[in-house]
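Here is the structure we will look at, set down as structure tokens.
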Amino acid sequence: MESIILTAFSISEVSIAYKLVVYLLILILFITGILEIALYRNEVPEDNINHIINISADKQFFIVFAWGVIGGHLFLGSSNSIQLPTVISILILTVVTLGFVGYNIYRNKKYKEIGVEPKMPQHLRLTYLILGLLMGHFLWTMNGFINPAL
Amino acid sequence: MLKEKLKITRQVKIYLISITSILLLLDVYFFLDKPLPILDSPFPTISQVVLFSSPKYMVFIWLFGLFSANFFFPRKKQEVLFKEDHPTFQKSLAYILTGIFAVVLLVSGHKLHKEVSCADRTLVAGQDVPNYIEITCRDFKTNQRLANCQQVYCNKSTEDQAQIMFKYDLVLEYKLLLLIIGFFWGYYVTPQCDEEEKFELVEEEMTHA
């Protein structure tokens, strides 16, 4: 019987490369946290990160969809997913996102023509968020099974 | 003030777009599996790092839900869960509660975490594992999950390119539950700068009128 020879990889024996990526992410989170505190404490109102993102989501609603996709990919992930190569999944998601971007541009143009600021109601934001989550969960999963070689 | 606000808003947008672009490009670079000459091993993708952080750092799942509500779903003041006459006290209370819950999740995640290796056959077979936990195994290099962990044969006497990682992780349903709890926490509990303060300003104006 053929057997695959492998080494159990223990999470505590991480490589320097792994640690560098972790430290980079921590650094980015730390800088963003400091920035948010500084924006909160300054005298200028409505300039916090969450406020800016919220206002931007009215004009560029694809942000909500993209956020959902990232969440579905990082934290969920179906094991019964459509078994597509990662590159194809990312390509499909990119095309869908670009489609949203295109529709976004068209919609903002229409709003500008009638002289109204674009607004995205919450129920639509929720729809886009859930849609993004589902697409990230099914199309861009990290839990798709393969059988070990015997 | 308006000029300054526009300037700050533009700078923050540039910062956010830059960070997102850098992370995206780095992830693509890491995905293409290009190690630097000075290091032996290739870099993991950011997706891998986040995946392997669970359940120890499951607080990030909750935080993602919280920020989803905080960024995209501002609420009206009357919908807040902990109503108080003093908005400052209400905000402080909300921050304290959020902080406490985050610490609880962090500690719980660390307590839940277990190192699982090939030798732990009973664990790998799914015995004595709570229903909210699953044992998974995946090839670290390709980040692909193996269908049957029990078929993996351990031979520690020989080195090999393949590195199989066993993981003691939360089941998908509990991750989704954490995400949803985070979302509702972000909506009902965490202070929000947008609608809440606008409402307070309007109330103030009405009182002074």
Side-chain angles (χ1 to χ4, degrees), chain A residues 1 3-12 15-18 20-22 24-25 28 31-32 35 39-40 42-57 63-64 67-68 70-71 73-79 86 122 125-126 129 133 137 142-148 150, chain B residues 1 4-5 8-9 12-13 15-16 19 23 26 30-31 35 39-44 46-47 49-52 61 64 68 70-74 115 117-119 136 140 143-148 151-156 158-160 162-167 172 175-176 179 192-194 197:
Chain A
M1 180 179 125
S3 58
I4 52 170
I5 297 166
L6 49 86
T7 311
F9 185 84
S10 169
I11 193 76
S12 57
S15 64
I16 296 170
Y18 190 95
L20 277 176
V21 176
V22 171
L24 173 69
L25 291 174
I28 289 171
I31 292 171
T32 309
L35 175 66
L39 291 170
Y40 181 71
N42 70 7
E43 288 168 6
V44 180
E46 297 181 350
D47 64 345
N48 301 70
I49 291 174
N50 63 342
H51 181 88
I52 290 169
I53 293 175
N54 177 35
I55 299 294
S56 301
I63 297 171
V64 190
W67 180 266
I70 289 166
H73 169 63
L74 291 179
F75 303 113
L76 301 177
S78 165
S79 51
T86 310
Q122 289 209 3
R125 288 187 186 198
L126 189 62
L129 184 71
L133 262 172
H137 171 69
M142 289 192 277
N143 288 325
F145 284 121
I146 57 161
N147 284 313
L150 289 172
Chain B
M1 185 68 96
E4 202 181 335
K5 184 180 165 186
I8 291 173
T9 306
V12 171
K13 279 185 183 174
Y15 167 78
L16 291 172
I19 287 294
L23 286 174
L26 276 176
F30 297 156
F31 175 71
L39 293 169
D40 283 336
S41 52
F43 288 94
I46 291 163
S47 313
V49 169
V50 174
L51 179 73
F52 298 151
I61 305 175
F64 186 87
S68 302
N70 204 260
F71 289 160
F72 303 117
F73 300 94
E115 297 288 345
S117 70
C118 225
T136 61
F140 183 72
N143 198 29
Q144 284 182 305
R145 190 171 158 183
L146 302 178
N148 192 338
Q151 284 181 352
V152 165
Y153 179 76
C154 303
N155 187 343
K156 289 181 184 175
T158 316
E159 282 182 18
D160 197 277
Q163 288 185 322
I164 305 296
M165 184 174 174
F166 286 82
K167 205 160 159 301
L172 190 67
K175 287 186 182 180
L176 180 63
L179 206 64
Q192 294 202 10
C193 300
D194 194 26
E197 282 182 8

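Lettering follows sequence order; numbering is per chain, from 1.
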Exercise for review: For residues B:Leu172 and A:Gly77, report the shortest heavy-atom separation together with the two atoms involved.
Suggested key: CD1-O, 3.8 Å
**Study point:** Where A:Tyr18 and B:Pro44 come nearest, the two heavy atoms and their spacing
**Key:** CD1-CG, 3.4 Å
Where does [X] contact chain A at under 4.5 Å (heavy atoms): side chain, backbone, both or neither?
X        : answer
B:Leu176 : both
B:Ile61  : both
B:Thr136 : neither

Check your understanding: Using a cut-off of under 4.5 Å for heavy-atom pairs, which of A:Leu24, A:Asn42, A:Leu126, A:Leu129 has the most such pairs with chain B?
Key -> A:Leu126
Contacting region of [X] [heavy-atom separation from chain B under 4.5 Å]:
X       : answer
A:Thr32 : both
A:Leu74 : both
A:Leu39 : side chain
A:Ile28 : both

Check your understanding: Do B:Pro74 and A:His51 come within less than 4.5 Å of each other through their side chains, counting heavy atoms only?
Key -> no
Revision key, fill the gap. CD1 (B:Ile8) and CD1 (A:Ile52) are apart, to the nearest 0.5 Å, by 8.5 Å
Exercise for review: Mind checking the CD1-CG spacing from A:Ile53 to B:Leu16? Nearest 0.5 Å is all I need.
Suggested key: 5.5 Å
**Study point:** Residues B:Val12, A:Asn48; criterion side-chain contact (heavy atoms from CB on, under 4.5 Å); working and verdict
**Key:** CA-CA 9 Å; B:Val12 171; A:Asn48 301 70; over 6 Å; no
Practice item. Test B:Leu179 against A:Leu133 for side-chain contact (heavy atoms from CB on, under 4.5 Å), laying out the working first. Key: CA-CA 11 Å; B:Leu179 206 64; A:Leu133 262 172; 4.0 Å; yes
Check your understanding: For the candidates B:Glu4, B:Lys175, B:Lys5, which exhibits the highest count of non-hydrogen atom pairs separated by less than 4.5 Å from chain A?
Key -> B:Lys5
Practice item. List the steps and the verdict of side-chain contact (heavy atoms from CB on, under 4.5 Å) for B:Phe71 and A:Val64. Key: CA-CA 9 Å; B:Phe71 289 160; A:Val64 190; over 6 Å; no
Point to revise | With B:Ser47 via side chain to side chain donor-acceptor pair (under 3.5 Å) - residues at least two apart | key: A:His73
Practice item. With sequence neighbours left out, write down each residue that passes side chain to side chain donor-acceptor pair (under 3.5 Å) with B:Lys13, or none if nothing qualifies. Key: none
Exercise for review: Indicate the ring-plane relationship of B:Phe72 and A:Trp67, choosing parallel, tilted or perpendicular according to the 30° and 60° boundaries.
Suggested key: perpendicular
